[in-house]
Amino acid sequence: MRKFSIFLFFVLLEAGTVWAQGKLPQAAGAVKKAVAPAAKKAAVLSPGARRMHALRESAMFRKISPTPQEDLRVFFPGLDAMQSKVLLARYYQVMEEFSAFKKEMDVRLFYQFMPGESSPFLPLEKEEIFRKMGNFSIRILSLKAGPFRKDQALIAALDYLNKVAGMVDPTFQNIFGHQEWPRGNRVFNEKEFYLADPSRFALFPQVRAGDGALFAFSRTKKIMESLPLKQVAVLSDDQTLLAVLERWYQDGGFGSRARWFFYSSAKNLQRDLKFGKTFDLILSDVLVPGGGGPMIAAELRQSGAKVPVIALTQYEEDIHTAQWLYSAGMDGMISVNAYLGSRNGDMLFLAQKIKNYFHYRDLHHWPY
């Protein structure tokens, strides 16, 4: 700034000299000619400055207050007092967590992208930030997919999260945005969306704690080979999960009928889909760099593809999360623990869930 002021001083001094000689039009031209390059250069913002501008546009240092209770009740007029109380408690807890996160991130991003101080986040910093926003962001989306879809505070919170995610890692731009898709003749059913066993009589064998490795391996293989699958894609940024599933596949645990492909980035899966690779099933985590299950489902539905996309996630089964995933175009949810593959029955559990999906699809004649 100091250098630019000195430069402008000498420009004006030169212009004044020209004007003193009775050449006012030339003076104006001299000022315009000299200042224009500097102004043009100043107008080209650095990446850090652009990110700072985007953050200011997303209510930086402005409080996003939760909607008062009396105004929220209009969103669920038919619920009884107890149901309303549960929903309100859930709403205010999530907004409290969001406010704490926003307060921390406003300061952190302000210093991260100060002019002259801008630098990309380190991998561990990105992991920490997305871990912090992960749980409550899903709950915000869940609330918005339910009765609070028109609540302005939730809309503003999601807009802030989308901008912050894109600033921390451009591959996560608009990661929390999604379009709702018509489901044809399919009606949301919580039990079916979790791919629970079709009846209490357990048409498919339950996973038992004492199942031996050989039994689990052979049973899993038998189930997978009975399904109408030729190519399966798995999308997750959990490298441990991918390694476990890929090893099981290479050992023949999923049978030999279908080929399995493993992706740690949505970009690579999107590229293969763009170039014509087709799948009979996609298992995807909810949030993945470059997109996730909802984003992949949206692209497939937009193109007219009828590939089932099932969430393979560590998020627990929850009615609001399920409703959000369903509205985003996903076809089921398999909740797995962080140690998938450590027990004999884990892959059998996964195979049974996938088989349950095809059972429900055939039963109700879903288009996908």
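The basis for the numbers below is simple: all heavy atoms, side chains too, and nothing from hydrogens, waters or symmetry mates. Residues: numbered from 1 along the sequence shown.
In this view, Phe148 and Phe76, Tyr91 satisfy the ring-ring contact (aromatic ring centres under 6.0 Å, His included) rule, not counting sequence neighbours. Evaluation of the side-chain contact (heavy atoms from CB on, under 4.5 Å) rule for Ser265 yields Lys267, Asn268 as partners, not counting sequence neighbours. For Arg90, the side chain to side chain donor-acceptor pair (under 3.5 Å) criterion is met by Asp318, not counting sequence neighbours. Here Ala322 pairs with Phe188, Phe193, Tyr194 under the side-chain contact (heavy atoms from CB on, under 4.5 Å) rule; sequence neighbours left out. Under the side chain to side chain donor-acceptor pair (under 3.5 Å) criterion, Glu192 pairs with His364, not counting sequence neighbours. Remark: Phe101 engages Phe136 in a ring-ring contact (aromatic ring centres under 6.0 Å, His included) (not counting sequence neighbours). Scanning for ring-ring contact (aromatic ring centres under 6.0 Å, His included) contacts around Phe75 gives an empty result, with sequence neighbours left out. Shown here are the side chain to side chain donor-acceptor pair (under 3.5 Å) partners of Thr313, two or more places apart in sequence or in another chain: there are none. For Pro367, the side-chain contact (heavy atoms from CB on, under 4.5 Å) test picks out Asn185, with sequence neighbours left out. Applying the side-chain contact (heavy atoms from CB on, under 4.5 Å) test to Gln69 and every residue at least two apart in sequence or in another chain returns Arg73, Leu88, Tyr92.
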Would Asp331 and Arg301 satisfy salt bridge (Lys or Arg N to Asp or Glu O under 4.0 Å), going step by step from the backbone distance to the final call?
-> CA-CA 12 Å; Asp331 302 290; Arg301 304 301 171 241; 2.8 Å; yes
Under the side-chain contact (heavy atoms from CB on, under 4.5 Å) rule, what do Leu195 and Met333 come out as? Steps first, then yes or no, please.
-> CA-CA 7 Å; Leu195 309 179; Met333 175 180 176; over 6 Å; no
Show me the donor-acceptor pairs within less than 3.5 Å that the side chains of residues 78-85 make with the rest of the protein, sequence neighbours left out.
{"residue": "Asp80", "atom": "OD1", "partner": "Met82", "partner atom": "N", "Å": "3.2"}
{"residue": "Asp80", "atom": "OD1", "partner": "Gln83", "partner atom": "N", "Å": "2.7"}
{"residue": "Gln83", "atom": "OE1", "partner": "Asp80", "partner atom": "N", "Å": "3.2"}
{"residue": "Ser84", "atom": "OG", "partner": "Asp80", "partner atom": "O", "Å": "3.0"}

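Applying the ring-ring contact (aromatic ring centres under 6.0 Å, His included) test to every pair with at least one member in residues 267-302, sequence neighbours left out, gives these pairs: Phe261-Phe279.
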